[in-house]
Amino acid sequence: MRAHRRAQRAAVTTGAALLAAGLLAGCGLSGSEPDADAPADGRPGDASAAPTPTGHKDSPRTPELPSELTSQRLDWKRCTAPRDGNAPGSAWRCARVDVPLDYADPSGETLSVALIRKEARDKGRRLGSLLFNFGGPGGSGVETLPRASRSYAKLNTRYDLVSFDPRGVAASSGVRCRTDKEQEQAHRNVDLTPDTAAEEAAFIEDAAEFGAGCERRSGAVLPHVGTGNAARDLDLIRQVLGDEKLSYFGFSYGTELGGTYAHLFPHTVGRTVLDAAVDPTADGIGHARNQTMGFQRALENYLKDRGQSPKEGSERIARLLARIDRSPLPTDSDRELSESLAITGIVAPLYSESSWPALTAALDEAENNGTGNGLLRLADSYNGRDEQGRYDTQSHSQRAISCADSTSRPTVDEARALLPEFRKLSPVFGPFLAWDTAGWCAQWPVEGEHETPETSAPDAGPVLVVGTTGDPATPYEGARRMADELGEGVGVLVTNKGEGHGAYGSNDCVTSTIDDYFLDGKVPADGTTCG
């Protein structure tokens, strides 16, 4: 499941910056307030400066880039419409930037990365470009930013809003691993919480087939889609845009990308915010354990809000899932609601407190009517399936990027051994996420790069790390660890006491804190709490 991948989708469906959730409340702040136009650590460089093709001196493993790449000029044009969508308005422009396919051979083959931009409204006070990554991995920034841009209207006064499809995603040589028909068959036939030897074998066989499909369809790009290369692309984009430092706003997985960038290029880190931070100290099993606790915590908060006992409510939902596993629920379509789809349908609305009523209606329908229409609709939205049965490719890109990053390859025996612990953590989500550790990168055709991402950046300027106490997908504890890993005086922790995945746009205090930092360079005190 790797649930944090759907942060990007949530931003689109709510029309807000990463799920409008949490409490609207004030908070006390303390921090410095430098002059907005005076260069300082943590602020953008001179946006009018020419690109500086200095290569990647912060990463000794990466050769210097040729000037043909660092000095390329972007051809900004009107954007075309995405699949099943409308083209963004006339204020938006799209372009493509060439990046090395393999940074170990920067003069070799290139691939093209898609960009989108909306220029700052107050050009006389323009601070530069503000780059966004909305999560995933695998989320399309080119599609997401225009849909969510109202949330960033204040930032757009002085920043060009810029986003991109990372390598291996959507318009940037997007990874594709199977057809819509194959994906539909997998959802219908594969039990993601196998109970028998036959179900276990089918589960692992499907995971291996997924990876083999990626290799057949996207083999050329598959070894090069990791987060380290995406961070190097960010630095090349920074240079081509003409910014001395990178101003960056990352959500969910985008926080891992931002932390990786800070490690590789600490001296070009500008004003950076990491909202809904990923725990950089967790390996694959650790991440699954964190999400098991996070989603159970969010479910219990939901049940308490409904006046129900968290323990009894969780056990009731677990019994419902067991019944669905034995006998899938009918729907108004020719599709049944399986246990795997039901769990996904429960996960999806836990991303946002505003979606809790939809979860209540869907659970009531399943428990009282014995039908699964509501949970199936929620699962389809999460899985990127439209009414015509077509799937987007975010789950393909997400898996490819995650498996290129991580060396973690748990076996079936190791996943099975996790079941008692994970069931104790959550009778609802534990088995699903325990088995996911084995199925995620099973027999993956590309070796992973590291056990955990490196995000230490002791020479960087201040980076705001925002954690929400009720975040299900990237639990709050991960924000603390991200701030610690960045280093003393670099990671500045801001706590949002609330619900949902991501805080900006949902909590007035957090939003104003981030706006003040981006626009005026005001760094809040480490440990600032909102809510």
Side-chain angles (χ1 to χ4, degrees), residues 4 7 17-19 21-22 27 29-32 41-43 130-135 227 231 234 245-266 269-282 286-287 290 294 452-498 500-507 509-518 521-531:
H4 72 268
L18 222 80
L19 287 172
C27 67
L29 299 174
S30 63
S32 58
D41 286 343
R43 63 146 292 142
L130 177 58
L131 270 76
F132 291 79
N133 182 282
F134 294 98
T227 300
L234 265 179
K245 292 193 175 185
L246 176 73
S247 297
Y248 177 79
F249 203 162
F251 301 91
S252 195
Y253 161 78
T255 68
E256 182 178 328
L257 176 59
T260 301
Y261 180 89
H263 172 70
L264 291 175
F265 307 103
V269 172
R271 294 176 188 170
T272 296
V273 174
L274 309 179
D275 190 359
V278 173
D279 180 357
T281 70
H287 179 67
N290 288 347
T452 59
E454 179 59 76
T455 59
S456 62
D459 296 325
V463 174
L464 270 58
V465 181
V466 184
T468 296
T469 55
D471 192 322
T474 53
Y476 172 72
E477 293 81 358
R480 287 185 176 275
R481 294 179 187 126
M482 176 66 82
D484 289 343
E485 286 295 302
L486 285 166
E488 186 175 357
V490 179
V492 179
L493 180 64
V494 176
T495 299
N496 171 37
K497 289 187 175 181
H501 187 45
Y504 187 86
S506 66
N507 180 296
C509 165
V510 173
T511 302
S512 63
T513 300
I514 293 173
D515 286 346
D516 288 347
Y517 170 64
F518 273 132
K522 181 179 179 181
V523 181
D526 185 28
T528 291
T529 298
C530 295

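The closest donor-acceptor contact from the side chain of Thr255 to the backbone of Val278 lies under 3.5 Å. In terms of modelled atom types and a separation under 3.5 Å, the side chain of Thr468 and the main chain of Val466 share no donor-acceptor contact. Between the side chain of Asn496 and the backbone N or O of Ala503 there is no donor-acceptor pair closer than 3.5 Å. Thr272 contributes a side-chain N or O that, together with a main-chain N or O of Gly270, makes up a donor-acceptor pair within less than 3.5 Å. At distances below 3.5 Å, at least one donor-acceptor pair connects side-chain atoms of Arg271 with backbone N or O atoms of Phe518. Between the Tyr248 side chain and the Gly254 main chain, a donor and an acceptor come within less than 3.5 Å of each other. Using modelled atom types, one side-chain atom of Thr469 and one backbone atom of Gly498 make a donor-acceptor pair closer than 3.5 Å. Although no hydrogens or angles enter the test, the distance criterion places no donor-acceptor pair under 3.5 Å between the side chain of Asp275 and the main chain of Phe251.
Annotation for Pro524 and Val494: closest pair CG-CG2, 4.1 Å, computed over non-hydrogen atoms. Between Gly258 and Leu274, the closest heavy-atom pair is CA-CD2, 4.0 Å. A pairwise comparison of heavy atoms in Ala276 and Asp471 identifies CB-OD2, 3.5 Å as the closest pair. Closest non-hydrogen pair, Val490 versus Ala460, comes out as CG2-O, 3.5 Å. Between Gly478 and Pro280 the shortest heavy-atom distance is O-CD, 4.2 Å. Nearest heavy-atom pair across Ala282 and Asn290 is CB-ND2, 3.7 Å.
Side chains of Thr281 and Glu485 form a contact here, defined as non-hydrogen atoms less than 4.5 Å apart. Between Tyr253 and Thr227, the closest side-chain pair of non-hydrogen atoms falls below 4.5 Å. Residues Met482 and Thr455 form a side-chain contact, since some pair of their non-hydrogen atoms from C-beta on lies under 4.5 Å apart.
We find the CZ-CG distance between Arg481 and Leu486 to be 14.5 Å, quoted to the nearest 0.5 Å. The CG atom of Leu493 lies 4.5 Å from the OH atom of Tyr476; values are rounded to the nearest 0.5 Å. With rounding to the nearest 0.5 Å, the separation of CG in Leu234 from CG in Leu246 is 5.5 Å.
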- Task: Let me see the working for Thr474 and His501 under side-chain contact (heavy atoms from CB on, under 4.5 Å), right down to the final yes or no.
- Result: CA-CA 7 Å; Thr474 53; His501 187 45; 3.1 Å; yes
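Of the residues listed (Asp515, Val273, Thr513), the one engaging Tyr504 in a side chain to side chain contact (heavy atoms under 4.5 Å, CB included) is Asp515, and it is the only one.
A parallel orientation is assigned to the rings of Phe134 and Phe132, their planes being inclined by less than 30° (bins at 30° and 60°).
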